[in-house]
Amino acid sequence: MHLAYPAVLAALLFCTGVYGVLARRNAILVLMSVELMLNAVNLNLVAFDVWLRDTLHTGQALTLFVIAVAAAEIGIGLAIVLMVYRNRGTPDVDKLRDTAEHPDDGTDDTDGTEGTEGAEPEETTAPAQKTEATA
């Protein structure tokens with residue numbers, strides 16, 4: 001078997017996965033694209049292991065390790081997507097930007113009064129107390 005066939009197939013799978021990660025908005029489709037990229041890496045590992053006739057089968061052992069990591073990644077990833085869907089109502093990746101910190105828009109809200117930097121400070125004494133103090 002020639003090495004070019006699985007290498008070209010793995011390159012096509014990896015490029016399809018990269019396109020899916022960059023172009024998709026749905027978080028589940030992004031996770032599936034990442035899995036496609038990991039499977040392309042697995043195909044390369046096994047193909048080079050067979051081509052090099054490694055007696056220790058290092059490529060196959062690394063493939064099993066990548067499969068285990070991918071299973072853990074998809075489990076945690078799906079749990080995160082489900083929590084985001086429950087909280088936000090959509091698995092859209094672009095909508096997750098709402099959870100990020102907003103850039104500083106010039107308001108100083110360290111004292112808890114957002115948007116009142118141009119207003120005059122409020123008086124702390126009541127008007128009745130003011131008249132007693134001046135009399």
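Throughout, residue positions are numbered sequentially from 1 according to the sequence presented. Atoms considered below: every heavy atom in the structure, side chains included; atoms not considered: hydrogens, waters and symmetry mates.
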Is [Y] reachable from [X] through a run of hydrophobic residues whose side-chain heavy atoms are each under 4.5 Å from the next?
X: Val93; Y: Val84; value: no
X: Ile80; Y: Ile28; value: no
X: Leu36; Y: Met32; value: no
X: Val18; Y: Val34; value: yes
X: Met37; Y: Leu22; value: yes

[X] and [Y]: which non-hydrogen atoms are nearest, and at how many Å?
X: Phe14; Y: Ala40; result: N-CB, 3.7 Å
X: Leu3; Y: Phe48; result: CD2-CE2, 3.4 Å
X: Leu78; Y: Leu31; result: N-CD1, 3.9 Å

Working to the nearest 0.5 Å, report the span between [atom1] of [X] and [atom2] of [Y].
X: Ile67; Y: Leu38; atom1: CD1; atom2: CG; value: 10.0 Å
X: Leu82; Y: Asn87; atom1: CG; atom2: CG; value: 11.0 Å
X: Leu45; Y: Phe65; atom1: CG; atom2: CZ; value: 11.5 Å

In this structure, which one of Asp49, Asp54, Asn42 forms a side chain to side chain contact (heavy atoms under 4.5 Å, CB included) with Gln60?
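Exactly one pass, corresponding to Asp49.
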Strictly by salt bridge (charged side-chain N to carboxylate O under 4.0 Å, His left out), give each pair with a member in residues 13-33 just once, sequence neighbours left out.
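Sorted result for residues 13-33: Arg25-Asp94.
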If you look only at distance, which donor and acceptor atoms sit under 3.5 Å apart when one is on a side chain in residues 5-12 and the other is two or more places apart or in another chain?
none

